[in-house]
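Read through the structure below, which is laid out as structure tokens, and then see the notes.
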Amino acid sequence: MNRWQAPRQISHIGIAVRSLDEAIPLYRDILGLAWEGTETVESEQVRVAFFRIGETRIELLEPLSPESAIAKYLEKRGEGIHHIALEVDDIERRLSELEDQGVRLIHEQPKQGAHNAKVAFLHPKSTGGVLFELCEHETDSPK
Ligand SMILES: C[C@@H](C(=O)O)C(=O)SCCNC(=O)CCNC(=O)[C@H](O)C(C)(C)COP(=O)(O)OP(=O)(O)OC[C@H]1O[C@@H](n2cnc3c(N)ncnc32)[C@H](O)[C@@H]1OP(=O)(O)O
Ligand SMILES: [Co+2]
């Protein structure tokens, strides 16, 4: 049995793109997803666009500076799936539980992400090559 509280849902799947303006028409007009708008997230040096699909979302990420994690990813790997974000109820508690389980944290303390959520990342070297984001939204804000 799982001792920990299970994540609530996949909050979003993050996809790295070179240009939001060039990528948005594919997701909105061709794939037909509901575009919710764009937002700048200074703390991560990215501009993001969200598309709702059922209870979850696709997040397109465009780098705002060469120091952004997304710029480095695009340089090394090109465009594509970048991370999976899990919605959790108590991010600080989950981070310390995961650390106790031997998972390497990129951020010991949550940062401010899109939609004012608290976000933190787990290092892909300790999670089977997948970059996971944990996020916690205010209950009345969009996820
Ligand atoms: C707005 C917010 C939100 O939703 O609210 C967001 O999503 S912000 C989303 C953008 N922000 C973030 O991603 C923040 C967290 N990410 C980071 O801190 C970084 O990107 C790291 C994951 C630590 C990687 O940075 P680092 O400088 O170490 O780059 P690196 O290229 O040397 O990568 C080290 C190793 O990790 C692998 N690696 C890098 N990025 C990866 C990814 N997205 N998925 C899976 N593996 C990945 C590389 O291939 C390499 O493995 P090999 O050594 O085997 O080649
Ligand atoms: Co994200």
Side-chain angles (χ1 to χ4, degrees), residues 4-143:
W4 317 115
Q5 194 174 54
R8 269 200 274 156
Q9 63 175 67
I10 291 180
S11 166
H12 59 265
I13 294 170
I15 297 178
V17 301
R18 293 186 199 286
S19 158
L20 281 188
D21 290 344
E22 282 174 26
I24 285 171
L26 167 67
Y27 288 84
R28 184 190 56 199
D29 306 330
I30 298 175
L31 296 174
L33 303 181
W35 181 39
E36 294 185 320
T38 62
E39 185 183 334
T40 295
V41 182
E42 291 291 342
S43 62
E44 288 297 317
Q45 283 297 292
V46 289
R47 202 158 72 94
V48 300
F50 280 100
F51 298 84
R52 194 175 178 95
I53 170 164
E55 288 301 306
T56 187
R57 287 178 172 82
I58 285 177
E59 174 187 56
L60 301 184
L61 304 112
E62 174 194 271
L64 286 179
S65 78
E67 286 73 44
S68 162
I70 297 301
K72 290 185 195 154
Y73 183 88
L74 287 168
E75 200 179 300
K76 274 200 171 178
R77 297 195 181 190
E79 294 185 309
I81 294 181
H82 181 260
H83 64 271
I84 295 177
L86 304 176
E87 179 73 28
V88 298
D89 288 320
D90 181 344
I91 191 166
E92 286 87 357
R93 189 176 137 202
R94 283 303 286 151
L95 287 170
S96 89
E97 287 171 352
L98 287 163
E99 195 168 33
D100 289 348
Q101 301 255 317
V103 173
R104 185 169 147 202
L105 309 182
I106 295 175
H107 308 112
E108 299 273 338
Q109 294 299 325
K111 307 173 79 173
Q112 186 178 319
H115 292 138
N116 266 329
K118 293 197 270 186
V119 306
F121 287 80
L122 312 181
H123 202 287
K125 286 288 167 202
S126 70
T127 49
V130 177
L131 177 61
F132 283 104
E133 172 187 336
L134 300 189
C135 59
E136 179 187 338
H137 289 83
E138 298 288 333
T139 43
D140 56 353
S141 76
K143 293 184 180 64

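Model, not experiment: these values are computed from the prediction. Each ligand, and each atom within it, is numbered from 1 in the order the structure gives.
- The N, O or S atom of E59 lying closest to the Co ion (ligand 2) is OE1.
- For ligand 1, the atoms closer than 4.0 angstrom to any heavy atom of L61 are 6 (C), 7 (O), 8 (S), 9 (C).
- In this structure, the side chain of E133 does not engage the main chain of H83 through any donor-acceptor pair within 3.5 Å.
- Metal site remark for the Co ion (ligand 2): H82 contributes no N, O or S atom at a distance under 2.8 Å.
- Protein heavy atoms are absent from the space less than 4.0 angstrom from atom 55 (O) of ligand 1.
- Crowding of I53 atom CD1: a count of heavy atoms from other residues, nucleotides or ligands under 6.0 Å not exceeding 12.
- The backbone N or O of S43 sits nowhere less than 3.5 Å from a side-chain atom of Q112 that would complete a donor-acceptor pair.
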Salt bridge (charged side-chain N to carboxylate O under 4.0 Å, His left out) between E97 and R94, worked out: CA-CA 5 Å; E97 287 171 352; R94 283 303 286 151; 2.7 Å; yes
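- With hydrogens and angles disregarded, a donor-acceptor distance shorter than 3.5 Å links the side chain of R52 to the backbone of G54.
- Distances from the Co ion (ligand 2) to each N, O or S atom of E133 single out OE1 as the nearest.
- The ligand atoms of ligand 1 that sit less than 4.0 angstrom from a heavy atom of L131 are 13 (O), 42 (C), 43 (N), 44 (N).
- Close approach of ligand 1 to H83 is summarised as follows: ligand atoms under 4.0 Å from at least one heavy atom of the residue are 7 (O), 9 (C).
- Between the side chain of T56 and the backbone N or O of I10 there is at least one donor-acceptor pair closer than 3.5 Å.
- The shortest contact between atom 18 (O) of ligand 1 and any protein heavy atom is with I106 CG2, 3.5 Å.
- Counting protein heavy atoms only, atom 29 (O) of ligand 1 is closest to K76 NZ, 4.7 Å.
- Under a 3.5 Å cut-off, the side chain of E39 and the backbone N or O of H115 do form a donor-acceptor pair.
- Proximity of atom 26 (P) of ligand 1 to the protein is not indicated, since no non-hydrogen protein atom lies closer than 4.0 angstrom.
- As for H83, its N/O/S atom nearest the Co ion (ligand 2) is the one called NE2.
- Looking at K125, E44, R77, H12 and measuring to atom 14 (C) of ligand 1, the nearest heavy atom belongs to E44.
- Protein heavy atom closest to atom 45 (C) of ligand 1, with residue, atom name and distance, is G129 O, 3.2 Å.
- Remark: the backbone N or O of R18 is paired with a side-chain donor or acceptor of E79 at under 3.5 angstrom.
- For the pair A85 and ligand 1, no heavy-atom separation below 4.0 Å is found.
- Using modelled atom types and a 3.5 Å distance limit, the side chains of H82 and E59 yield no donor-acceptor pair.
- Protein heavy atom closest to atom 3 (C) of ligand 1, with residue, atom name and distance, is E59 OE2, 3.2 Å.
- With hydrogens and angles ignored, the 3.5 Å screen pairs a side-chain donor or acceptor of H107 with a backbone N or O of F121.
- Open room surrounds CD1 on I81; 12 or fewer heavy atoms of other groups in view lie less than 6.0 Å from it.
- Taking only non-hydrogen atoms, the option from H82, H123, Q45 nearest to atom 43 (N) of ligand 1 is H82.
- Of the options L134, L86, D89, a side chain to side chain contact (heavy atoms under 4.5 Å, CB included) to P7 is made by L86 and by none of the others.
- By the 3.5 Å distance cut-off applied to N or O atoms, K72 is not counted among the residues near ligand 1.
- The protein does not reach atom 39 (C) of ligand 1 closely, with no heavy atom under 4.0 angstrom from it.
- Shortest contact from atom 36 (O) of ligand 1 to any protein heavy atom: P124 CG, 3.9 Å.
- With distances taken over non-hydrogen atoms, the option nearest atom 15 (C) of ligand 1 out of F121, F132, Y73, F50 is F121.
- Without hydrogens or angle criteria, E62 side chain to L20 main chain gives a donor-acceptor distance under 3.5 Å.
- In summary, the atoms of ligand 1 found under 4.0 Å from a heavy atom of G113, numbered by their order in the structure, are 5 (O).
- Nearest non-hydrogen protein atom to atom 5 (O) of ligand 1 is A114 N, 2.8 Å.
- Here the protein heavy atom with the shortest distance to atom 20 (O) of ligand 1 is A69 CB, 3.4 Å.
- A donor-acceptor pair under 3.5 Å is absent between the side-chain atoms of S65 and the main chain of Q45, judged by distance alone.
- Looking at V130 against ligand 1, nothing comes within 4.0 Å, counting heavy atoms.
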